[in-house]
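Nothing fancy with the numbering, it's 1 onward along the sequence.
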Amino acid sequence: MNTSPNTRRRVISALLALSAAAAALGAPGTAAAQEPSGTTASVPPIRWGACPKADPPYPDPSPRAQCGTVEVPLDWSKPKGPKTGIFVARYRATDPARRIGVLMSNPGGPGAAGADDALYADDPISGYSATMLQRFDMIGFDPRGIGRSGAAHCDETILDSIPARPRNAAEFEQLRTSNGRLAADCLKRTGPLAAHMDGESVVRDMDAIRAAIGERRISFLGHSYGTFLGERYARLFPGNLRALALDSAMDPDQPNAERYLIDGSVTIDSTLKRLAAWCKKDAACALKGKDLTAVTDNLFARADAGTLREPGPDGPTRTKVDADKLSDFLTFALGKGSPESTAQQLAALYTGKGEVRWLATGTDPVFRLVLCRDYDLRIRDYAQYRAILKRAAKAAPHTRYNAQALDTILGCQGWTMPPKPRPARVKGDLPPVLVANATHDLATPLPGAQRMASSFPKASLFTMDVVGHWLYRRGGTEKAMRVIDAYLTNPRRTLQTQKH
């Protein structure tokens with residue numbers, strides 16, 4: 001969920017300075033943002049102005065980009081209560097005569113500043129194709145509590161007191177207590193907005209943006225966590241959608257902690273088997289001739305026995321590698337690394353000589369402020385936690401668990417702002433929906449994407465037999481980009497489940 005190819009744009013986003021023009025609101029006159037209850041909230045039309053510039057050495061947004069702010073209720077159950085501002089950016093269609101409408105997007109995270117999708121829409125590396133820029137106004141926004149939409153603030157030093165992998169009941173209780181302290185601190189520093197950063201509130205903001213820009217319907221492209229927002233928007237505002245494309249899809253059914261962990265863990269295990277098959281036939285594999293699943297089984301046996309050490313340039317060091325650290329390494333090496341690099345690092349662990357790149361685990365507070373409201377990942381106690389880990393290891397015997405999924409689960413234990421229930425589906429006609437996913441995606445496993453496609457009356461699932469997350473990009477998965485663009489241009493044509 002929190003993996004994206006648009007890292008450079010996000011760094012730029014964090015360094016953009018706010019300007020008075022970017023915060024300007026519309027003049028008198030209102031548009032209606034429909035709520036699920038059937039009532040409406042008045043939204044002033046947006047007034048577009050100049051966008052904030054980036055701090056050097058980062059490039060400024062496209063000169064075609066325009067920016068503004070839409071004011072929405074802080075708490076949508078109290079539409080006449082306090083307001084909060086949503087920062088919105090637009091890149092106008094380059095061929096107005098052939099313009100189809102607007103394409104709103106969200107890059108996921110959760111916690112990513114989405115306005116960059118419009119601010120840098122014509123970026124030659126991470127932007128849209130020239131054809132898409134001709135046909136659509138690109139609309140991006142920073143979700144509430146993120147980036148330029150009233151960024152949430154929390155004391156991140158509290159994270160230092162949270163056990164990364166609780167080893168006993170006392171540490172599990174410490175984890176819950178510290179998470180609760182972090183949630184309380186976020187509320188104290190951010191104010192009531194921290195309690196209203198859930199996906200349902202964000203999709204109501206999306207419909208307010210639609211009304212403020214004067215559009216009857218929108219097309220939406222969601223990536224990773226953005227697919228959750230797309231599904232919720234379809235559930236609450238079906239009649240306001242022209243097209244819905246969901247790239248690297250989350251499970252829409254709000255899975256419990258066990259299913260969430262096992263889906264991700266099985267994906268990591270199958271990715272190892274894929275690497276093992278490559279290693280048998282490719283001379284570039286540092287462990288060619290060895291069964292990689294047997295190699296990792298050996299590494300776990302040594303880790304459990306306390307004899308596995310971090311490798312060094314001249315042989316094993318004195319630093320122990322336990323089973324949790326090994327699972328963490330396998331998750332991110334298999335999910336994000338190249339086959340050659342992953343095999344080389346496995347060889348270093350196996351022989352004790354070489355180098356391994358260890359990555360820090362954990363989730364940031366903003367991630368928790370959002371996802372712990374959208375998914376119910378609560379675990380009763382330490383005994384249930386151990387039982388879930390045991391079942392995950394049985395389902396994924398060569399890797400044991402998906403570290404990214406476990407980070408998410410542990411981050412929600414003791415969180416004091418409870419999950420929100422999945423809203424009822426509002427009656428209305430939906431367009432055909434397109435879901436796209438990699439077969440080996442550590443962040444949004446294929447079973448979740450299959451459930452996402454099944455949740456719509458008419459949906460097609462496009463898959464690519466690759467390892468990775470976020471298919472909509474240039475390079476190795478550019479075919480998915482072309483398929484999604486073709487769908488967005490003409491969503492009513494027949495689409496069928498495809499594998500590539």
Side-chain angles (χ1 to χ4, degrees), residues 1-2 23 25 33-37 39-44 69-88 104 106-115 141-155 179-212 222 225-226 228-233 235-237 250 254 363-378 408 411-412 414-424 426:
M1 287 168 294
N2 56 357
L25 294 174
Q34 185 178 4
E35 296 184 45
S37 63
T39 61
T40 58
S42 296
V43 182
T69 301
V70 175
E71 283 205 340
V72 298
L74 187 148
D75 180 351
W76 274 97
S77 69
K78 301 174 182 177
K80 295 184 179 180
K83 299 293 191 289
T84 188
I86 306 299
F87 179 83
V88 184
M104 190 182 294
N106 180 274
F141 67 99
D142 290 357
R144 52 173 54 214
I146 295 167
R148 292 144 290 195
S149 295
H153 298 284
C154 308
D155 180 4
N179 279 339
R181 283 180 52 221
L182 180 61
D185 183 82
C186 294
L187 277 169
K188 179 181 177 181
R189 293 173 186 267
T190 305
L193 177 61
H196 298 282
M197 291 172 58
D198 57 277
E200 182 178 337
S201 295
V202 173
V203 300
R204 295 190 184 191
D205 296 344
M206 288 165 52
D207 200 59
I209 295 170
R210 174 201 60 77
Y225 175 75
F228 181 89
L229 298 179
E231 189 274 341
R232 286 298 186 265
Y233 191 88
R235 181 168 285 270
L236 298 177
F237 307 102
M250 289 182 65
Q254 294 183 307
T363 58
D364 63 33
V366 170
F367 193 95
R368 302 171 197 217
L369 283 167
V370 178
L371 204 65
C372 297
R373 304 299 312 282
D374 291 334
Y375 274 13
D376 189 352
L377 301 173
R378 293 173 291 185
T408 300
C412 291
W415 200 251
T416 55
M417 290 168 267
K420 294 185 70 172
R422 191 180 189 186
V426 173

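- Contact annotation: the side chain of Arg378 approaches that of Pro419 to within less than 4.5 Å [non-hydrogen atoms, C-beta and beyond].
- Under the salt bridge (charged side-chain N to carboxylate O under 4.0 Å, His left out) criterion, Arg181 pairs with no residue, sequence neighbours left out.
- Side-chain atoms of Leu182 and Cys154, non-hydrogen and from C-beta on, do get closer than 4.5 Å to each other.
- For the pair Phe141 and Pro143, the minimum side-chain heavy-atom distance is below 4.5 Å.
- Taking CH2 of Trp76 as the start and CG of Asp205 as the end, the distance is 6.0 Å to the nearest 0.5 Å.
- The structure places CE of Met417 at 4.0 Å from CG of Leu187, a figure rounded to the nearest 0.5 Å.
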Could you walk me through whether Glu200 and Arg235 pass the salt bridge (charged side-chain N to carboxylate O under 4.0 Å, His left out) check?
CA-CA 10 Å; Glu200 182 178 337; Arg235 181 168 285 270; over 6 Å; no

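- A 4.5 Å side-chain heavy-atom check between Pro423 and Arg232 finds at least one atom pair inside the cut-off.
- Thr416 places no side-chain N or O within donor-acceptor distance of the main-chain N or O of Ala183, the cut-off being under 3.5 Å.
- The shortest distance between side-chain heavy atoms of Asp376 and Gln254 does not fall below 4.5 Å.
- The salt bridge (charged side-chain N to carboxylate O under 4.0 Å, His left out) search around Arg373 returns none, not counting sequence neighbours.
- Around atom NZ of Lys83, more than 12 heavy atoms belonging to other residues, nucleotides or ligands sit under 6.0 Å away.
- Asn106 and Tyr225 share no donor-acceptor pair across their side chains, judged by distance under 3.5 Å alone.
- Here Leu369 contributes atom CG and Asp364 contributes atom CG; the two are 9.0 Å apart, rounded to the nearest 0.5 Å.
- With a 4.5 Å cut-off on side-chain heavy atoms, Tyr375 and Met250 count as touching.
- Between Asp185 and Lys188 there is no salt bridge, since no side-chain N of the basic residue sits under 4.0 Å from a carboxylate O of the acidic one.
- Residues Val72 and Arg204 have side chains not in contact (no heavy-atom distance under 4.5 Å, counting atoms from C-beta outward).
- Between the OG atom in Ser201 and the CG atom in Leu229 there is a gap of 11.0 Å [rounded to 0.5 Å].
- Contact annotation: the side chain of Asn179 approaches that of Arg368 to within less than 4.5 Å [non-hydrogen atoms, C-beta and beyond].
- Between atom NZ of residue Lys420 and atom CG of residue Asp198 there is a gap of 4.0 Å, rounded to the nearest 0.5 Å.
- For Pro192, the side chain to side chain contact (heavy atoms under 4.5 Å, CB included) partners at least two apart in sequence or on another chain are Leu74.
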Can you check side-chain contact (heavy atoms from CB on, under 4.5 Å) on Ile86 and Met206, steps first, answer last?
CA-CA 9 Å; Ile86 306 299; Met206 288 165 52; over 6 Å; no

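- Note that CE of Met104 is 8.0 Å distant from CG of Asp207, once rounded to the nearest 0.5 Å.
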